[in-house]
Amino acid sequence: MEKIPSFSKNHDELKRGLHECGISHGVTTWDLRFKTPNGGDYLDSAAMHTIEHLIATIVRNSAHKNDIIYFGPMGCRTGFYLLTVNLDRGGVINLLKDSFKLVPDFSEVPGNKREECGNYLEHDLESAKRECAEYLELLEGV
Ligand SMILES: [Zn+2]
């Protein structure tokens, strides 16, 4: 089989931050890289799961909710993918900064009831908040 585009980028050169992966069918894929690839420090599964619930909820309730196609974690546990339409890099950075700033306000994980989630016991709000605060700091610098 052919190597797919996401395996074709050199992960040794991929830094933490926000990267545009390209546009397909009018949809832009953004790489929210929380951790250095193969750096030995990875997102904890429970924290990653909670970040997915939080950020998906926040962006889908934002002024850009109609421009959001998908938000979800990378299997390698070093970050997330955000798929958007009608948003350029500046727009995505603003959306993400505004979104990550709301995370500390949450006192519970949205969608964490058994009937709402496929692994409702695996959440960690405090670790998710810590990871999101770190990523927000990174975003402030891009
Ligand atoms: Zn879930």
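Counting starts at 1 for both ligands and their atoms, in listed order. As a basis for the values below, the full set of heavy atoms in this structure was taken, side chains included, without hydrogen atoms, waters or symmetry mates. These numbers were taken from a predicted model, which means no experiment stands behind them.
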D31 and K9 ion-paired at < 4.0 Å: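 Looking at D31 and K9, the cut-off is met.
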
Restricting to side chain to side chain donor-acceptor pair (under 3.5 Å), what partner residues turn up for [X], sequence neighbours left out?
{"X": "R16", "value": "none"}
{"X": "N112", "value": "none"}
{"X": "T36", "value": "none"}

Would you say that more than 12 heavy atoms from the other residues, nucleotides or ligands in this model lie under 6.0 Å from the CD of E115, or not?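 Atom CD in E115 is packed in, count exceeds 12.
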
State, yes or no, whether a side-chain contact exists between C117 and E122 at a heavy-atom distance under 4.5 Å.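 No - every pair of side-chain heavy atoms lies 4.5 Å or more apart.
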
Within less than 2.8 Å of the Zn ion (ligand 1): protein N, O or S atom count: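 With waters ignored, the protein N/O/S count below 2.8 Å is 3.
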
